[in-house]
Engineer: 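Dropping the structure in here first, questions after.
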Amino acid sequence: MKQYWLVKSEPSAYSWDDLVRDGRTSWTGVRNFTARNNLRAMQEGDEVLFYHSVVGKTVVGVAKVVRTAYRDATAKEGDWSAVDIAPIKPLKQPVTLEQIKTVPQLTEIALLRLSRLSVQPLGEPEFRQIVRLGGG
DNA sequence: GCCAACGTTGGC
DNA sequence: GCCAACGTTGGC
């Protein structure tokens with residue numbers, strides 16, 4: 001069964017445009033147990049919203065998981081994982097955090113409730129709703 | 001095993 | 001730039 005996720009990145013570190021340019025990327029650097037466990041739960045084909053934190057504070061595109069969890073080679077110590085993601089399509093209209101806050105059906109999502117979690121699960125209805133807000 | 005101190009994230 | 005939230009670390 002297909003699952004839905006949201007990943008966050010500061011665009012100054014790695015942006016949607018970087019992902020588009022690269023074609024696909026290894027999602028490394030996660031150093032939080034909850035986020036890591038979410039990475040490990042991802043299946044190929046799962047869809048992933050790409051959120052720009054700090055600068056923009058917008059959901060900017062939809063990506064997909066193209067390789068399930070494997071060891072994060074950037075980790076010097078500890079048991080950390082990475083997945084590979086590839087872009088599917090940008091949102092026609094980036095969806096702002098402010099916008100998301102105004103939607104009653106979205107007030108419970110992790111982006112609002114657990115704002116620091118960098119890899120979050122998202123229900124299919126919530127995923128679709130955000131994509132729709134983005135004109136997709 | 002508790003909890004204070006500390007570090008980081010990320011919205012404002 | 002500030003600070004709240006919260007995860008992690010380390011002393012006891």
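Heavy-atom basis, side chains included; hydrogens, waters and symmetry copies ignored. Chain identifiers are assigned alphabetically (A, B, ...) following the order of the sequence lines, protein sequences preceding nucleic acid strands; residue numbering begins at 1 within each chain.
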Engineer: Does B:dT9 have OP1 or OP2 under 4.0 Å away from a side-chain N or O of A:Tyr51?
Structural biologist: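 Negative; the distance criterion is not met.
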Engineer: Assign the ring pair A:Trp27 / A:Tyr14 to parallel, tilted or perpendicular, where the plane angle (0 to 90°) is split at 30° and 60°.
Structural biologist: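 A:Trp27 and A:Tyr14: perpendicular rings.
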Engineer: Is the shortest distance from a Lys or Arg side-chain nitrogen in A:Arg40 or A:Asp79 to a carboxylate oxygen in the other one below 4.0 Å?
Structural biologist: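 A salt bridge is present here (some side-chain N lies under 4.0 Å from a carboxylate O).
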Engineer: Report the distance from atom CD of A:Glu10 to atom C1' of B:dT8, rounded to the nearest whole Å.
Structural biologist: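 The distance from CD of A:Glu10 to C1' of B:dT8 comes to 11 Å, rounded to the nearest Å.
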Engineer: Would you mind reading off the distance between A:Arg116 atom CZ and C:dG7 atom C1', rounded to a whole angstrom?
Structural biologist: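 Atom CZ in A:Arg116 sits about 6 Å away from atom C1' in C:dG7.
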Engineer: Without decimals, in angstroms, what is the distance between A:Lys57 NZ and B:dT9 P?
Structural biologist: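 Spelled out: NZ on A:Lys57 to P on B:dT9 is 17 Å.
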Engineer: Is the distance from OP1 or OP2 of B:dC12 to the nearest side-chain N or O of A:Lys101 less than 4.0 Å?
Structural biologist: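 True: A:Lys101 side-chain N/O within range (under 4.0 Å) of B:dC12 OP1/OP2.
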Engineer: Shortest non-hydrogen contact from A:Arg113 to A:Thr107?
Structural biologist: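 Looks like CG-O, 3.7 Å.
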Engineer: Expressed in angstrom and rounded to an integer, what is the separation of A:Gln99 atom CD from B:dG11 atom C1'?
Structural biologist: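 The answer, rounded to whole Å, is 17 Å.
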Engineer: What is the distance from CG of A:Leu114 to C1' of C:dA4, rounded to the nearest Å?
Structural biologist: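 Rounded to whole Å, this separation is 15 Å.
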Engineer: Rounded to whole angstroms, how far apart are NZ on A:Lys8 and C1' on C:dA5?
Structural biologist: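 Atom-to-atom, A:Lys8 to C:dA5, this comes out as 11 Å.
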Engineer: Is there a side-chain contact between A:Arg67 and A:Val83 in this structure, where contact means two heavy atoms from C-beta onward sitting under 4.5 Å apart?
Structural biologist: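 Not touching, per the 4.5 Å side-chain cut-off.
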Engineer: Using side-chain heavy atoms (C-beta onward) and a distance below 4.5 Å, is A:Tyr4 in contact with A:Val48?
Structural biologist: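 Sidechains of A:Val48 and A:Tyr4: no contact.
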Engineer: Contacts to DNA chain C from residues 25-41 of chain A, heavy-atom cutoff under 4.0 Å, which residues?
Structural biologist: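 By residue number: A:Asn32, A:Phe33.
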Engineer: Rounded to whole angstroms, how far apart are CG on A:Leu117 and P on C:dT8?
Structural biologist: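 Rounding to the nearest Å, CG of A:Leu117 and P of C:dT8 are 11 Å apart.
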Engineer: Roughly how many Å is it from CD in A:Glu98 to P in B:dG11, rounded to a whole number?
Structural biologist: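 It is 12 Å, rounded to the nearest whole Å.
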Engineer: Closer than 4.0 angstrom, basic N to acidic O: yes or no for A:Asp72 and A:Arg36?
Structural biologist: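 Salt bridge: no.
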